[in-house]
There are 2 protein chains.
Amino acid sequence: MPRTRSETYPDDLVALAAVARALAHPGRLQLLEAIAARRSCVCGELVELMPLAQSTVSQHLKELKEAGLVHGVVDGPRTCYCVDAGKLAAVGAAFAGLFARLGCCERPKEEDHG
Amino acid sequence: MPRTRSETYPDDLVALAAVARALAHPGRLQLLEAIAARRSCVCGELVELMPLAQSTVSQHLKELKEAGLVHGVVDGPRTCYCVDAGKLAAVGAAFAGLFARLGCCERPKEEDHG
DNA sequence: GGGTATTATCGTATATCTACGATTTACGAT
DNA sequence: ATCGTAAATCGTAGATATACGATAATACCC
């Protein structure tokens with residue numbers, strides 16, 4: 001049995017789910033925040049502040065890269081990671097749109113009476 | 001090896017990652033949208049429009065419930081699902097905050113010059 | 001109580017995720 | 001060419017995820 005029958009779902013949902021999966025690990029969220037806070041960050045620094053082995057951090061970074069959230073620039077013997085601001089903006093908008101759609105038919109307590 | 005060393009990460013990141021994981025499947029996104037669009041939705045209807053077996057849909061609904069995104073109300077022999085608007089608002093705000101933090105140190109092309 | 005419909009749960013097979021150590025690759029210095 | 005450092009990849013073990021059919025639980029009708 002395939003893990004997910006992606007063919008049967010709309011492309012935008014498949015794409016959004018893929019990004020959500022990239023975000024679905026606290027370590028990756030922490031990596032993202034560290035990279036963003038430092039503007040750009042060498043892999044070694046990230047390994048230092050994470051409670052994970054170097055190979056594991058590298059693997060998480062690869063997932064973030066494959067999701068398009070960051071990119072790594074080879075800088076001599078090291079790799080410098082930075083967030084993709086454009087992608088982040090697009091993903092942020094996609095999530096905002098999702099939650100807007102999910103909430104649009106709900107009137108939890110009261111409607112806007114102004 | 002434990003799947004994730006949640007103890008070592010900040011609580012808010014762990015919580016956000018958990019919600020992201022609930023969203024990390026196109027089927028669950030579609031379920032959420034269907035439930036929201038119909039205001040409330042009986043499980044059987046959801047099974048009809050999903051390309052999944054009844055047991056699988058039930059399992060996905062359980063995950064959405066455990067993430068707090070929906071709740072199911074037993075209505076006679078069936079179960080009626082609806083989204084938790086308050087939770088969705090909170091989660092939406094959490095994601096907005098995340099993307100704001102991630103983007104705050106980035107000036108991709110130009111700053112707001114108005 | 002017996003029968004039917006609806007949903008949840010169980011058991012299970014396969015695939016993916018997470019983590020690690022070990023190794024390989026790439027670069028700079030000697 | 002050799003060594004050392006930094007990062008990616010390989011191989012692997014164990015836990016989770018996804019999907020299904022089968023079964024159990026619940027409510028309704030008679």
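Since the structure is predicted, the reported quantities are computational estimates derived from the model, not experimental observations. We name chains A, B, ... by the order of the sequence lines, and we start the count at 1 in each one.
- The side chain of A/His60 contributes no N or O atom lying less than 4.0 Å from OP1 or OP2 of C/dC17.
- Here CZ of B/Arg21 is found 11.0 Å from CZ of A/Arg21. Values are rounded to the nearest 0.5 Å.
- Whole-Å rounding puts the A/Met50 CE to C/dT18 C1' distance at 12 Å.
- Taking atom CD of residue B/Glu48 and atom C1' of nucleotide C/dA5, one finds them 13 Å apart after rounding to whole Å.
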Output a table of donor-acceptor pairs, distance under 3.5 Å, between side-chain atoms of residues 55-80 of chain A and any protein atom two or more places apart or on a different chain; print 'none' if there are none.
residue	atom	partner	partner atom	Å
A/His60	ND1	A/Arg28	NH1	3.0
A/Glu63	OE1	A/Arg28	NH1	3.2
A/Glu63	OE2	A/Arg28	NH1	3.4

Scan nucleotides 7-11 of chain C against the protein and return all N/O pairs shorter than 3.5 Å with their distances rounded to 0.1 Å.
residue	atom	partner	partner atom	Å
C/dT7	OP1	B/Cys43	N	3.4
C/dT7	OP1	B/Gly44	N	3.4
C/dT7	OP2	B/Gly44	N	3.0
C/dT7	O3'	B/Thr79	OG1	3.1
C/dA8	OP1	B/Tyr81	OH	2.5
C/dA8	OP2	B/Ser58	OG	2.9
C/dA8	N7	B/Gln54	NE2	2.8
C/dA8	N6	B/Gln54	OE1	3.1

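- Distance CD (B/Gln30) to P (D/dT18): 15 Å, rounded to an integer number of Å.
- Rounded to a whole Å, the CG atom of A/Leu23 is 14 Å from the P atom of C/dC17.
- Side-chain contact check for B/Tyr81 versus B/Glu45: every heavy-atom pair is 4.5 Å or farther apart.
- Rounded to a whole Å, the NE2 atom of A/His71 is 19 Å from the C1' atom of D/dA7.
- Rounding to the nearest 0.5 Å places CG of A/Leu98 at 7.0 Å from CG of B/Leu32.
- Summarising the geometry, atom NE2 belonging to A/His25 is positioned 9.5 Å from atom CG belonging to A/Leu31; distances are rounded to the nearest 0.5 Å.
- Proximity of B/Arg21 to the phosphate of C/dC17: no side-chain N or O atom is located under 4.0 Å from OP1 or OP2.
- With sequence neighbours excluded, no residue forms a side chain to side chain contact (heavy atoms under 4.5 Å, CB included) with B/Ala93.
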